[in-house]
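Lettering follows sequence order; numbering is per chain, from 1.
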Amino acid sequence: DDAIRIASPYQTTVLDPMRSAAAGNIETYGLLYARLIRRNLETGALEPGLAESWETSADGLTYTLHLREATFSDGSPITAEDVAFSLDRIHGDKQSAYPAPLSAMESVKATDPKTVVIKLKSVFVPFLGNLEIWNMGIVSKADVEKRGLEKAFATVPVTSGPYAVKEWKPNQKLVLVPNKHYWRQGYPKSDAMVELLEIASPETRAAMLKSGEVDVVRGVEWAQVDELKATENVDMRLEPSTVIYMTLLNETREPFSNMKARQAAAHAIDNKALTKAITHGYATPANTTLPGAIEYHDKSNPGIAYDPAKAKEELAESGMTGREVKILATAGAAEQQMALLLQAQWQAIGLKPVIVNVDNAAWWDATGKGDYDAAATWWYNETPDPDLAVRWAVCGSCGSASFNTHYDNKKVDDLVEQGTRETDPAKRAEIYKEIQKITTDEVSQIPLYYAPNATAYSKRLSGLKLTSSLQWTLEETTFVK
Amino acid sequence: MKGERHMEKQAALLSVADLTVAFGGLTVVKGISFELHPREIIGIVGESGSGKSIACRAVAGLLPSSAVATGRVMLEGRDLMRLDETQWQQVRGRDLGMIFQNPASHLDPLRQIGRQVAAPLIRHQHLGRRDAQERAVELLADVGIRQPEMRVKSYPHEFSGGMKQRAMIAAAIGCGPKLLIADEPTTALDVTVQARILKLLKDLNQRHGLAVILISHDLGVIADICSRVVVMRQGEIVEQGPTGQVVGDPQHAYTKLLIDSQPSRRASRGWRVETKSAETSPFLAVEKLSVSFPVKRGLVAGLLNRGEATFLALDKADIRVAQGETVGIVGESGSGKSTLARAITRLNQPSGGAVKLGGEDVLGLAGEGLTRFRRRVQMVFQNPYDSLNPRLTVAEAIAEPIWRHGLASRREAAKQADDLLEMVELPHALRDRKPRQLSGGQCQRVGLARALALRPEMLIADEITSALDVTTQAQILDLLTRLKQERDLTLLYISHDLAVVSAFCQRVYVFKAGRIVESGAAQQVLTEPQHDYTRELVGAVMHLAPSSQKKGLEPDHAVG
Amino acid sequence: MGHLQAILQRLLQLIPVLLGITIVAFLLLHLAPGDPARLLAGDRASAETIAAIRHQYGLDLPLWRQFLTYMGNLLQGDIGQSLRFQRPVVELIGQFMWPTLFLVSYVVVLSVPPTLILAITSARKPGGLADQIIRLIGVAGLTIPVFWLGIMMSRFFGVALGWFPVSGYGEGFLDHLHHLFLPALSTAIWFIPVLTQSLRAALIDKATADFATAAKAQGASQRDIFWSTVLPNAVLPTLNLLGVLVAFIIGGTIIVEMVYAVPGLGTLMIKSLLGRDYYVVQGLTLVFAVATVLITLAVDVLTAIIDPRVKL
Amino acid sequence: MAVISLGNDAKVRRGRQLPWTMIMAIAILGAWILLAAGASLVAPYDPDAVDIMNMMASPNAQHWFGTDQVGRDVFSRVIYAARVDLFMCVAGVVPPLMIGATIGLLSGYFGGFVDGFFMRLYDITAAFPFFVLVLAIVGVLGPGLTNYFISLALVGWVTYARLVRAEVLTIRDSEYVQAARSLGYATRIILLRHVLPNAFGPVIAYAVSDAVLVMLAGASLGFLGMGAQPPLAEWGVMISDGQPFVQQAWWICFFPGIAAITLGLGLAFLGDGLAQIRRRQVAQ
Ligand SMILES: Nc1ncnc2c1ncn2[C@@H]1O[C@H](COP(=O)(O)OP(=O)(O)OP(=O)(O)O)[C@@H](O)[C@H]1O
Ligand SMILES: Nc1ncnc2c1ncn2[C@@H]1O[C@H](COP(=O)(O)OP(=O)(O)OP(=O)(O)O)[C@@H](O)[C@H]1O
Ligand SMILES: [Mg+2]
Ligand SMILES: [Mg+2]
């Protein structure tokens, strides 16, 4: 009874795919719940999932999807009712953690047991792609009605994806077994169990991999990469991702409500040196406010140059010289390093940066309440399409407050809306290029670097990777004999 | 006496040659030599602080680590100074028993008395636990502890001073050693018990050939059982020889002084100062005072039994003391004398009764009133060593009450402390010593000096001269007499020394088993005792006969 | 007072203690910044979503109402549900309790014999060579950070030599012993010097006491004197220290549990704290309180057994 | 009476001579105090000067102890950190010690209600999860060293209280305490001068260990925002921050570790020396 063991710093906290968008849960949701549409692992193209086929109306406002014959892990059929139920929850339930991908949806209806009709409010180009995101998993309506919402997802939910829950020990591990009723015949390829272990300490994760206690380590620290690369039987990979590291600036209060001050702060940072220093050169310096791996990322944008002299000038112009800057930082080697480097570089241009160490919960509390001036952090985009990214990071009217920076530019907001409706890829590219230019120039955030996913695998596995949308390809995984 | 005949023929059991003990640069035993023959009992007498205890500890190899001993100590032909620890273990306890001068601190506070008495039996005689325990009961009975079956289960803190001393003796003689070193083994004992202990020693001596080195200040005791006597002063032996000879015809001036200071020989020293009678104006009135202690049981018993058993240590005692009067308290060891003293000074919580000082209720005092009371009434503890804070030097300990009570500045207090040291006959050099570096008698006098520092109106003296040689004792009593005259000091004098009590006190109370059995004018009670116990007590006193031409010693009574 | 009565009384006093702890912990927890709802829903959740979640768990009620509800449930023996996992707190604690209990006992078992040996060797000849070495090692043991040591040992014994697992708890007694060896050892290495220093100091103090001399005078061997006289007299402060430390590590093995990924109460505590899983933290606090009180009581009972002068 | 001899003075003087451990303690601690005081003279670099181009440089002529993960001079930081760490050893230990000793003293001496009250307080505190407290304090008062000391004082007293109480329980009925009572000393005086000094042995031994623990615990609490805040140099934080880089740059945590160990040694010697002096105070 061999198992594939994955050690990650993130943990599963809820099994209801609608309830959380937190790292740790999203990997799990992908394993438990199948979506209507899949993304091809090689090409990145959209492929049929639970929906065998689909049509789009000419006006682009109606999508009709035809379901294939498939069953839940309890053997009951997956029907259009279940799909409508699932999407409705994501879209309309007050507790839905991430309704944004379905923001354009007006209604979803099961017209017959195998057909689902979705109506949009307006043209929404990335819609199909969004149906592939991890929280779009289909859950069993009958089961939720039978067991009640709480019970249905409490321990062993009825699943539609490649895996089902065997045992869940919160705060410790989640044990999964292949779902016998998974619609993809012959998948998961291996009938091994999967254990998702939550291991907080990076050193411990590495040690466990080396001693063979786990097969995969998520979130390898940069400092450990070289060592793991040199380790026999370990396949240390830097996988492409849509992760961007950047510095949030609080634009509701001085100094960073002042654009000149933001620009000064950005010019003060030598992000090439910083990237090399922190990631040992494994990441690419960021040139715009959007992730480097998404579609329409503007490679040609020159980014913000490192120019301390100019920074000083700008700061003087802004009148913010000598201002105190509260830098929030959480634990973790990279975060600490980053905070220190920001501090040093800002100090050099005449700001007064102070580092405040907090835990994750307090970090979210402070950034949410606007009780900070700067905070280096990261985010990633769930799909290659940039729509969700811009809504999250730079849109002042999309509900995210531009990732708590409160950057708000009407023009950008308009461009965001245009982007979703524009069907011509070339024009879309222009729109997103423009967004990147404006927000980078105005320094909505300070882009730092595009980091790959540093993941280490035991060489006894093959076919496993972490996709750029942070999903494990466990159903493709086999043991090397 | 009987031993004398054999001793020339036999090889010495113990021979000490040129024994010198030094603490750092300070030599306290200066090249002493003496011999002890099998079956012999020798006495060591001498000035307090003359090195008696240290010399004996040196013989047993039990000096503190800071001491350096040189010389030769041979026990049955073995050089004890050369023994290693394992060899010592064979000697100590089995061949050589030791009774320490200060029994309180030499008992393990955490172990039941019975176990401590039984331990050497188990170790050396390989008795079983149960047998040893039974033997311990016998031994405790032998040394005159009442209800020994129950008392084996007591812990040291539940024993009176004299009882601890007897427990120590029981432990030391348990294995029937060849040689017993007894350092003032009877100081805390009343005369009846003392007689009993001495008889026990004599019996052991006669029946089992126990040889004894007996350190004592009581020449009566020495004369009673020792065949030879060694007189020490300032670390040297000034004289030694057969008891009769030394006592009857002392050669050295110090020996002469010692013998002449014997209380029985100087009854008319004029210590007694007459005062008004207690009946008219009691200064201190103790009315129906009772003190009881909880009886501690084993854990299991404690777990099961909820009720509380108590032991009545003092039972409705009535005592009156007039101003300026000296009242003696005598009685059996363990009869509640110290308990009374502690109750009066509010160190014990009485279970009933009242204590009044000048009409004021003492037991109800608190705060300022209590402090005032404490200044007026001072107590000298029976156990001088334990009653001194081990961290304070002699001078600090004596000066502290003076400046604490605001009677003088700290500097002035230090000066007064020096005066007090002188008053109690302690050399100035001791002022910077800690209690651990003092001899028993020296500690005792420090305790006295400290109590006097506050110039109290009343002094409760619990065995304050028991560890003093007679000369020093006489000087201390002189001092107290002077204070009585000068300051109208009232004294409650607890003592086992009937001679001193009868010479020094106006009235006396006789205690037995927590009760007062007799009271009255001291001389009258102690010469014409009414109560059986008092009679027994008086009868057991040993003294040196007033003139001692021939043998010079005889107990008033044969000890029965 | 009979012992049993005293013990019962102490157990009764547990009630106000628990109450006190509950109140303080409740207040402090809610004073700390951070929102369980936010952590639950993740980064992307909107303010409305968060509000909805808060409402569902009653987190939007005034503090005093939340407290009353909590106390009400507590009085009925219900210590609540995990906000994060929607499971009874009891279940979670039950899941994480055993590794910690095992670990703590393991640490004590691993620590006490070496402590005795080291302290004795050291105190036998204070200032001697053995003593110096032991004290130096002790200082080193104290000064090496537990997390560093833990990591080093897991690398060396776990990874390089492969003798011990570097994580988890295993199944079955022997497996537990195997899994928890390194964590227990890492803790013991810090534990032993602390205890040794305390015991050594007391031993040296008591070894020169008169009653030790008296035992010597009765021909007791060094060993005898040590075991039956010096040690019992010296052991009380160390026993108290041990009690405090054991109570402390029940909730304080966090670092070691993190380094070795032991699913114990420390891990649960820290994860619940970081996740602001209020009721789990509250429940753990109660468990720690009961454990502390019981340990303290045990120490006090032992003290009363050892020292007749001390009343319970 | 002439028991006085000339040797006595010599004896006394020798008694005052310091034990060698005390001399070592003074040497080590003195050296650190000097270094800390003169840090600006000794340290070649600004301890907080980040050098992004020269990160994790191994020890060399310019940087004797190398540079750390953001290019700061490890040597200068080690020296400057001495200030913080010396202060920590005092500020992190003395307040809990004083509070604990007081509570232990009162509790053990008076027994009864006082004892009951304080011991329940003890139960509450000892059972109270330190991390909850830390979290709340950081949350309310903000992160930082001062708050670390506050939380230590709030929690750390319990050990001292238990230790002192255990000793006091056996001392309070001793005859010298009774004697002090009968001499009419104020209770305060009895407690402070007669009981406490005799109950202090185990406390000294523990305080030394505690100082070292305090020094390192701050570092392990870093993830909650406790302890020294960056960029302030402090050995514990340096060790734990350098930890992830130990493979490439052992010197980042090695040298602060050595520094901490020497200070620990100094403290241990101090504890030992004090204990020895205490013992001498009772008897030679
Ligand atoms: N540890 C010590 N350090 C220094 N001096 C000491 C120490 N112990 C005893 N002394 C001194 O040695 C001398 C002899 O002491 P010892 O105890 O032998 O006297 P003693 O003859 O037994 O007197 P007493 O009759 O009062 O008991 C005394 O002056 C005492 O002060
Ligand atoms: N703390 C205690 N717990 C239990 N019993 C005690 C306690 N203190 C004293 N006793 C008992 O009380 C009785 C009287 O003791 P006390 O000390 O008053 O005797 P004493 O007359 O002074 O005897 P001695 O002449 O031997 O000193 C003794 O039997 C003793 O065992
Ligand atoms: Mg003596
Ligand atoms: Mg008495």
If we define contacts as heavy-atom pairs under 4.5 Å, which of C:Leu31, C:Leu241, C:Leu286 has the most with chain D?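 Ranked by heavy-atom pairs under 4.5 Å with chain D, first place is C:Leu241.
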Selection from C:Leu236, C:Val194, C:Leu195 maximising heavy-atom pairs under 4.5 Å formed with chain D: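 When all of C:Leu236, C:Val194, C:Leu195 are compared, C:Val194 has the most.
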Is D:Leu267 close to chain C through its backbone or its side chain, or both, or neither, when contacts mean heavy atoms under 4.5 Å?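 D:Leu267 has no heavy atom closer than 4.5 Å to chain C.
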Examine whether an atom of D:Ser240 lies under 4.5 Å from a heavy atom of chain C, and if so say whether it belongs to the side chain, the backbone or both; otherwise answer neither.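 Looking at D:Ser240, backbone and side chain both touch chain C.
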For a side chain to side chain contact (heavy atoms under 4.5 Å, CB included) with C:Leu268, tell me which candidate from C:Val287, C:Leu273, C:Thr100, C:Val280 qualifies.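 Answer to the side chain to side chain contact (heavy atoms under 4.5 Å, CB included) test with C:Leu268 among C:Val287, C:Leu273, C:Thr100, C:Val280: C:Val280.
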Heavy-atom side-chain proximity of [X] to [Y] below 4.5 angstrom:
X: C:Asp131; Y: C:Arg200; value: yes
X: C:Ile23; Y: C:Leu19; value: yes
X: D:Met215; Y: D:Glu234; value: yes
X: C:Asn233; Y: C:Phe211; value: yes
X: D:Asp241; Y: D:Ile252; value: no

Determine the option with the most heavy-atom pairs under 4.5 angstrom with chain C, choosing from [options].
options: D:Arg172, D:Arg165, D:Glu167, D:Arg120; value: D:Arg120
options: D:Ile137, D:Leu169, D:Thr159; value: D:Thr159
options: D:Leu163, D:Leu263, D:Val203; value: D:Leu163

Please classify the contact of [X] with chain D as side chain, backbone, both or neither, using a heavy-atom distance under 4.5 Å.
X: C:Val24; result: both
X: C:Val281; result: side chain
X: C:Ala202; result: neither

For the residue pair D:Tyr122 and C:Thr292, confirm or rule out a side-chain donor-acceptor distance under 3.5 Å.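 Side chains of D:Tyr122 and C:Thr292: no pair found under 3.5 Å.
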